[in-house]
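Beneath this line is the structure, given in C-alpha cells, with notes to follow.
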Amino acid sequence: MRRILPAAAAALALGAILHAQQPSADLILTNGKIITVDDKFTIAQAVAIKGDRIVAVGTNQQIGQMAGAAARRVDLRGRSVVPGLIDNHMHLLRAGTTWTNEVRLDGVESRKQALDLFSARAKAVAPGDWVYTIGGWSVDQFADSRARFTREELDRLIPNHPVALQESYYRTYLNSRGLEAFGIRDGAPDPADFPKGSIVRDASGHATGVVEGGMGAVRAIAAKMPRVADAALEASTLAMIKDMNRAGLTAFGVAGCDTSLLPMYRKWEAQQQLNVRVFCIDGIGAGTPEQVDRALPRIADLKLFQGDDFIDSVLYGESVYGPLHDPMFDSTSDPKPDQLAQWRRLAMEIAKNGLPLHVHAELTHTIDAFLDQVEAVNKIYPVKNLRWMLAHFNQSNASQIARMKRLGMYAAVHPWNVINGGIMHDIFGDEAYEQPPLATIQASGIMWGFGSDGSAANQYMPFITLNYAVTGKMTSGLKVMRQTISREDALIAYTRHNAFFVFQEDNLGAIQPGKLADLVVLDRDYLTIPADQIKNIKPVLTMVGGRVVYEED
Ligand SMILES: [Zn+2]
C-alpha cells in the first residue's frame with residue numbers, strides 16, 4: 001500500500017523533483033512583463049536562459065530559484081519583452097551593399113529632418129560623391145510637410161554633390177548635378193536609358209529634377225548609385241545588421257540570397273558573431289520557355305534545409321516565371337495563358353519535389369491566375385503540407401483567401417501602404433484603403449505573417465508596420481488603410497507565424513522553454529500604450545540566442 005504524504009510534505013517533495021529536473025539558468029530576466037506570444041498569448045514575469053535557449057518562463061519567484069551561483073540577473077523594472085521580431089521577406093543581403101552609402105529615411109517623420117540628414121551626408125563625403133537613397137520612404141510619411149523635393153531646393157542645400165533620392169520604387173528626385181550626371185539637359189533629348197516621358201519637364205522644357213515612370217526609370221538611376229567599396233562591405237553590412245537589431249529584428253526570410261555575400265555571414269556565424277538569422281528564399285530564374293526547359297531538371301537538385309538555425313535555405317521563390325512578376329504600381333495586370341502555362345510547368349516540378357514556395361503575387365488578376373495554376377497542380381501533387389505562400393498580397397480579396405485556405409496555403413503579407421499609402425491612393429483610389437485586406441485575412445483564419453519587402457520597396461522597422469496594422473496610418477498620421485487588426489494579432493504575425501514561415505517553429509517565434517533565446521526588451525508596453533504611439537516604441541535590449549546584440553546607450 002502506498003503511503004499518503006501530508007500535503008505540505010508532498011509539495012516539498014514535488015518541489016525537490018522539479019528542482020532536480022530543471023537545469024540551472026545562467027541568465028535570468030525578472031520583474032518584467034513577458035509577452036510570450038505562445039499559443040495562449042501568456043503574459044509572464046520572468047525568463048530563465050541557459051546557453052542559447054530559454055529554459056523556463058514564469059513568476060519572479062519560480063524563475064529566481066533557477067539562477068545558478070554564477071547566473072547573471074537582469075531586473076527588467078517592469079518593462080515589456082517580446083519575442084525577437086521576424087521579417088518573412090526582406091532583401092537583407094543586398095541592403096548591406098549600399099547601407100552606409102545611403103541616407104536611410106526609415107522611420108523619419110519630418111521632412112525637415114530628412115533635409116538635415118541629406119545635408120549632413122553631403123558634409124561627410126568628398127565633393128562630387130553621390131548623396132543618395134535607394135527607396136524605403138516616401139514624402140507621405142512626413143508629418144510636417146508632404147511636399148515633393150524640388151531641384152532648386154536640393155541645389156540650394158547641396159550644390160557640390162550630385163543628389164538622387166529614390167522614393168520607394170516610384171519616383172526619383174535629382175538636383176542639377178544629379179541631372180547632369182545622367183546626361184539630362186535642358187534643350188537636349190532625353191537619354192535613351194530612361195522610359196519615354198519619365199523625365200518631368202516644365203512648359204519651357206526645363207527638367208524639374210523629378211523622374212517618374214515607375215520601376216524602369218527608378219532602376220536606371222539606382223543601378224548607377226555606388227555600392228560600398230569592397231573594403232567597406234563588412235562594415236556596411238555590420239552597420240545594417242546593427243540597425244536591424246536596434247529595430248528589434250532578429251531573423252529574416254531573405255529574398256535574393258546572393259551567393260557572393262553569404263560566405264561573409266557564414267564567417268560571422270563560425271565566430272559566433274552573426275547577430276541575425278538568415279533563411280533564404282532561393283530559386284532558379286526563368287523568363288522564357290527555353291529557360292523553363294533548362295530550369296526544370298535543376299529543381300530536383302535544389303538543396304534546401306542543409307543549414308542550421310542561423311543560416312539556411314528554406315523556400316523556393318520569390319519569382320517563379322519572370323514575365324509574371326508584377327510591378328508594384330501597375331493598376332492592373334493581364335497574365336497571358338502562354339505565360340501561365342510556363343508558370344504551371346515550374347510550379348508542378350516544385351510541388352513534385354516537395355519544395356515549399358514563397359512567390360511574389362501582388363495584383364488581383366495575377367493572384368487569381370496563380371491560384372488557377374496551383375489548383376491544377378494540387379490535383380496531381382497536393383500542396384497542402386508544402387507551405388506554399390503568396391507574397392506581398394496587397395490586392396487580395398476574400399474569395400482568393402478562401403481558395404488558398406482550401407489549398408492549405410498561407411499569406412506572407414507585405415503592406416507597401418506603410419510608406420506608399422499616398423502613392424497607392426493616387427493609383428488605386430479608394431481601393432487602396434483595402435490594401436492589404438488585413439482584417440479580412442485575419443478573420444479568414446488562414447495563417448499569415450508580416451514582412452516588409454525592405455529595404456527599397458518598403459521601410460524595415462517592425463513597430464512602424466505594427467502601428468500601421470493597428471491604426472491604418474502612416475507615420476505622418478495619414479490614414480491609408482481601413483482594415484485594421486488587434487495589436488495581439490499583428491504581433492503574432494510578426495513572430496510566431498513567421499517562425500513557421502521560415503521553418504523555425506520549434507526554435508523561434510515565442511518566448512517558451514526549449515526555444516532559442518531571441519527576445520527584445522521594449523521601452524514602452526506594446527499592449528497598453530496608445531495605438532498611435534506604437535511606432536515610437538524603441539527596443540532597449542535585443543538578444544539573439546542568449547547573446548545581447550543590441551543595448552541602448
Ligand atoms: Zn517581390
Side-chain angles (χ1 to χ4, degrees), residues 89-94 97 215-216 219-220 222-223 253-263 265-266 278-307 311-328 330 333-363 365-383 385-392 407 409 412 453 457 502-503:
H89 184 121
M90 178 157 169
H91 297 260
L92 184 84
L93 273 57
R94 183 184 69 190
T97 66
M215 289 280 197
R219 288 220 160 107
V254 176
C257 267
D258 187 327
T259 51
S260 72
L261 297 170
L262 268 178
Y265 288 77
R266 291 213 176 87
V278 174
F279 301 106
C280 297
I281 302 166
D282 276 337
I284 298 166
T288 64
E290 296 70 35
Q291 287 170 356
V292 174
D293 292 343
R294 285 198 291 276
L296 289 173
R298 292 174 57 204
I299 289 174
D301 296 333
L302 257 190
K303 294 277 179 283
L304 303 183
F305 307 111
Q306 307 291 302
I311 302 175
D312 205 352
S313 284
V314 298
L315 291 149
Y316 193 102
E318 72 162 290
S319 185
V320 170
Y321 189 56
L324 293 172
H325 194 86
D326 284 336
M328 275 185 107
D330 281 12
S333 65
D334 182 22
K336 298 280 189 284
D338 59 321
Q339 296 169 335
L340 290 164
Q342 299 303 326
W343 195 96
R344 189 194 300 196
R345 291 176 70 203
L346 289 158
M348 194 73 82
E349 194 67 18
I350 294 164
K352 181 181 161 189
N353 284 284
L355 301 178
L357 176 66
H358 176 118
V359 60
H360 176 111
E362 168 64 10
L363 301 173
H365 296 308
T366 305
I367 294 173
D368 277 327
F370 284 0
L371 290 173
D372 292 344
Q373 308 317 308
V374 178
E375 281 166 358
V377 169
N378 186 60
K379 289 193 178 110
I380 301 163
Y381 303 109
V383 304
N385 296 310
L386 298 184
R387 299 193 198 186
W388 277 27
M389 55 196 85
L390 299 187
H392 308 327
L407 287 160
M409 294 178 73
D453 197 20
V502 296
F503 288 82

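Numbering of residues begins at 1 and proceeds along the displayed sequence.
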Just checking H89 against H91, ring centres under 6.0 Å apart? yes
Heavy-atom side-chain contact between W388 and V377 under 4.5 Å: yes
Quick one: are V320 and L357 in side-chain contact, heavy atoms under 4.5 Å? yes
Shortest non-hydrogen pair, T366 vs S333, comes out as OG1-OG, 2.7 Å
Can you label the angle between the F370 ring and the W343 ring as parallel, tilted or perpendicular, going by 30° and 60°? parallel
Euclidean distance, H360 NE2 relative to H392 NE2, rounded to 0.5 Å: 4.5 Å
Side chains of V314 and R387 in contact at under 4.5 Å (non-hydrogen atoms): no
Any side-chain to backbone donor/acceptor pair from D282 onto L315? Under 3.5 Å, distance only. no
Find the distance between CG (N378) and CG (L407) and round it off to the nearest 0.5 Å. 5.0 Å
Sub-4.5 Å side-chain heavy-atom contact between M328 and E362: no
Check whether any side-chain N or O of D326 sits under 3.5 Å from a backbone N or O of L363 as a donor-acceptor pair, and report yes or no. yes
Using a strict threshold of under 4.0 Å (side-chain N to carboxylate O), is an ion pair present between R344 and D372? no
Just verifying a value: how many Å separate L304 CG and C280 SG, rounded to the nearest 0.5 Å? 10.0 Å
Find the distance between CG (D338) and OH (Y321) and round it off to the nearest 0.5 Å. 7.0 Å
Backbone of Q373 reached by a side-chain donor or acceptor of E375 within 3.5 Å: no
Minimum-distance pair of heavy atoms, taken over all atoms of H358 and A412: CE1-CB, 3.6 Å
Nearest 0.5 angstrom please: S313 OG to K303 NZ, how far? 12.0 Å
Looking at L93 and L261, what are the two nearest heavy atoms and their distance? O-CD1, 3.6 Å
Residues A295 and L346: closest non-hydrogen pair is CB-CD2, 4.0 Å
Take a 6.0 Å sphere around CG of D301 and say whether it holds more than 12 heavy atoms from other residues, nucleotides or ligands. yes
I'd like to know if the side chain of Q339 and the backbone of P335 have a donor-acceptor N/O pair within less than 3.5 Å. no
Supply the atom-to-atom distance N353 CG to L302 CG, rounded to the nearest 0.5 angstrom. 8.5 Å
Quick one about R345 and Q342 (side-chain donor to acceptor, distance below 3.5 Å, no hydrogens or angles considered), yes or no? yes
Would you call D312 and V502 a side-chain contact if the rule is heavy atoms closer than 4.5 Å? no
Between Y316 and I284 (side chain of the first, backbone of the second, donor and acceptor by atom type, cut-off under 3.5 Å), is there such a pair? yes
I need the minimum non-hydrogen distance between V383 and A351, along with the two atoms involved. CG1-CB, 4.4 Å
Do you know which two heavy atoms are closest between D293 and P297, and how far apart they sit? O-CD, 3.1 Å
